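Values in this document were obtained by computation on a predicted structure and should not be read as measured data.
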Amino acid sequence: MNTIDLHGGYLYIREVDSEKYKCRVFIKTGEDKPPLHVSSFRNHRLIETIFENGGVVYTLDMNKLKQPLEVYVFSTGYNGPSVRVYRVYKNNIVEYSIEPRGIRVSSGFTRVDDIVEEIAAYRRAWSSTLCGGVDEHVLLYEVFLKAKIGLNYGLFRRIKEAWIEYSIEYLGYIYSLVHSLLIEKGYHLESGFEEVERICRLVKSCSSVDWKGFSTLYKTGDRRIMVFLERMIGASKPDVLLSTSDKQVVVECKQGAPKTWVSKAIKQAVKYRRYANILVLITNRRLNREDYEELSKQYDYILEDCSLRNTLLCKTLLVQILNNVL
């Protein structure tokens, strides 16, 4: 089956998700509207959704179509990111290609769009530092994520996957700040190039990344700092562990509403204290006074509101902490 087929007044659309090739489909119904993911047409023209190995097949009823549709197929494979557009009307399909940059799409749900765009912004920030030249790949990652989260949200009103992805990308953002600050302090990356390359390959395939076991070594003169991400230590797995010859510094990263993670952060700190000299908590939100005081009993440093809009302030405060503890 092709990505799109038109038979007997029905449009069949197949999305694919494999290691070598991925594609997602969005439909534009009017000049003043962005292309919407096909799954959001559930109460309109979409009459069937079939999940199969490596993809999803959608069937849309085109018999009552009164104006042409533009079908956008976003894909990535051996030739990199691409966008093909099909103009569909009655029994005709006309194909043409356009540049992917600058295209904005929607999952069909404002809540999903807002969080996915924030997630993609964090990926854009850290990947430009570590990888470079990945703008089109991040754009396609955002498109793919809107499709994935939008489908799950439309079917199950479930957005958990978005918050999992958010935590991954926020961790990448914090690591990129640590990386930049160490470079600015005169350190150079001594080892771990293959880890960075592995992560950048995932970025260029528009895939989710996995920081588990990621480690890099920074060196200046006789000073060495190991940086571990999500490394299992006993029964705990700190987001970031900075290790020198005489200190172990844990950096725990939290995002989202504090009420969803404050209690967990306190329990985690008890475990971290068994082997770490210094505990640092970084969050992208402001804390109320009560939460701040409770967390201050467990963490040596708390960095609030560390987000994209406050990157310069976040770096300033983080370098002060690193100067004090390393």
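No salt bridge links Glu194 with Arg198; every basic N to acidic carboxylate O contact stays at or beyond 4.0 Å. The pair Glu142-Arg123 does not count as a salt bridge, with every side-chain nitrogen at least 4.0 angstrom from each carboxylate oxygen. Of the charged side-chain nitrogens involved, at least one lies within less than 4.0 Å of a carboxylate oxygen, so that Asp300 and Arg273 count as a salt-bridged pair.
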Candidate pair Glu184 and Lys315, rule salt bridge (charged side-chain N to carboxylate O under 4.0 Å, His left out), full reasoning:
CA-CA 11 Å; Glu184 291 171 11; Lys315 285 184 69 174; 3.1 Å; yes

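One distance of note links OH of Tyr272 with CD1 of Ile278; it measures 15.5 Å at 0.5 Å rounding. Here His37 contributes atom NE2 and Asp113 contributes atom CG; the two are 11.5 Å apart, rounded to the nearest 0.5 Å.
Cluster annotation: Leu151 is connected to Leu36 through the hydrophobic network of ILVMFWY side chains, with a link wherever side-chain heavy atoms come within less than 4.5 Å.
Looking only at atom types and distance, the side chain of Glu48 has no donor-acceptor partner in the side chain of Tyr12 under 3.5 Å away.
Side chains of Ser107 and Val116 form no contact here, defined as non-hydrogen atoms less than 4.5 Å apart. Inter-residue side-chain proximity for Leu60 and Ile27 is flagged as met; some heavy-atom pair is nearer than 4.5 Å.
A donor-acceptor contact shorter than 3.5 Å links the side chain of Asn323 to the backbone of Val319. Judged by distance alone, the side chain of Asn63 and the main-chain N or O of Tyr10 form no donor-acceptor pair under 3.5 Å. Using modelled atom types, no side-chain atom of Glu252 and backbone atom of Leu279 make a donor-acceptor pair closer than 3.5 Å.
Considering every non-hydrogen atom in both Cys253 and Leu171, the closest pair reads SG-CD1, 4.1 Å. Here the closest heavy-atom approach between residue Arg231 and residue Phe228 is recorded as NH1-CZ, 3.4 Å. Across Ser75 and Arg84, no two heavy atoms sit closer than the pair OG-NH1, 3.9 Å.
Taking the six-membered ring for Trp and thresholds of 30 and 60 degrees, Tyr218 and Tyr175 have ring planes inclined between 30 and 60 degrees apart.
Here the rule is ring-ring contact (aromatic ring centres under 6.0 Å, His included) with Tyr170, and of Trp211, Tyr122, Trp126 only Tyr122 fits it.
Cation-pi geometry between Arg24 and Phe144 is met: under 6.0 angstrom from the ring centre, within 45 degrees of the axis.
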